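Some notes on the structure that comes next.
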Amino acid sequence: MFTILFTILTLIVFGKLLIFAVMASWGLARILVTVLFLPLVLIGLVVAGLVYLAVPILLIAGVVSLVRTHN
C-alpha cells in the first residue's frame with residue numbers, strides 16, 4: 001500500500017517539476033529568440049540586400065512589442 005502511495009506521489013511531484021522545467025525553458029527560448037535571433041536575422045537580411053523584407057518584419061515586431069507592453 002505504501003509503495004503504491006509513494007509511486008503516485010512521486011509521479012505527481014516529478015510531473016509538476018517537469019511542467020515547471022518546460023515552462024522555464026519556453027521562457028528562456030522566447031528571450032533568446034527576441035534578443036539574439038531576430039536582430040541577427042534582420043541584420044543578415046539587410047546585408048544580403050533584402051531591405052524590402054527586413055523593414056516590414058521590423059515594423060511588425062515593433063507594433064507587437066508596443067501592443068504587448070501597453071496591455
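Keep in mind it's a predicted model, so treat the numbers as computed, not measured.
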Checking one residue: F2. Which other hydrophobic residues are in its cluster under the side-chain 4.5 Å linking rule? none
I57: partners by side chain to side chain contact (heavy atoms under 4.5 Å, CB included), with sequence neighbours left out: L38, L42, L45, L53
Throw together a table of side-chain donor-acceptor distances under 3.5 angstrom for residues 4-29, partners on residues two or more places apart or in other chains.
residue: T7; atom: OG1; partner: T3; partner atom: O; Å: 2.7
residue: T10; atom: OG1; partner: F6; partner atom: O; Å: 2.6
residue: S25; atom: OG; partner: A21; partner atom: O; Å: 3.2
residue: S25; atom: OG; partner: V22; partner atom: O; Å: 2.9

Starting from V55, walk the hydrophobic network (Ile, Leu, Val, Met, Phe, Trp, Tyr; side-chain heavy atoms closer than 4.5 Å) and list everyone else you reach, by chain and number. V46, V51, L59
Same apolar cluster: V41 and L32, side chain cutoff 4.5 Å: no
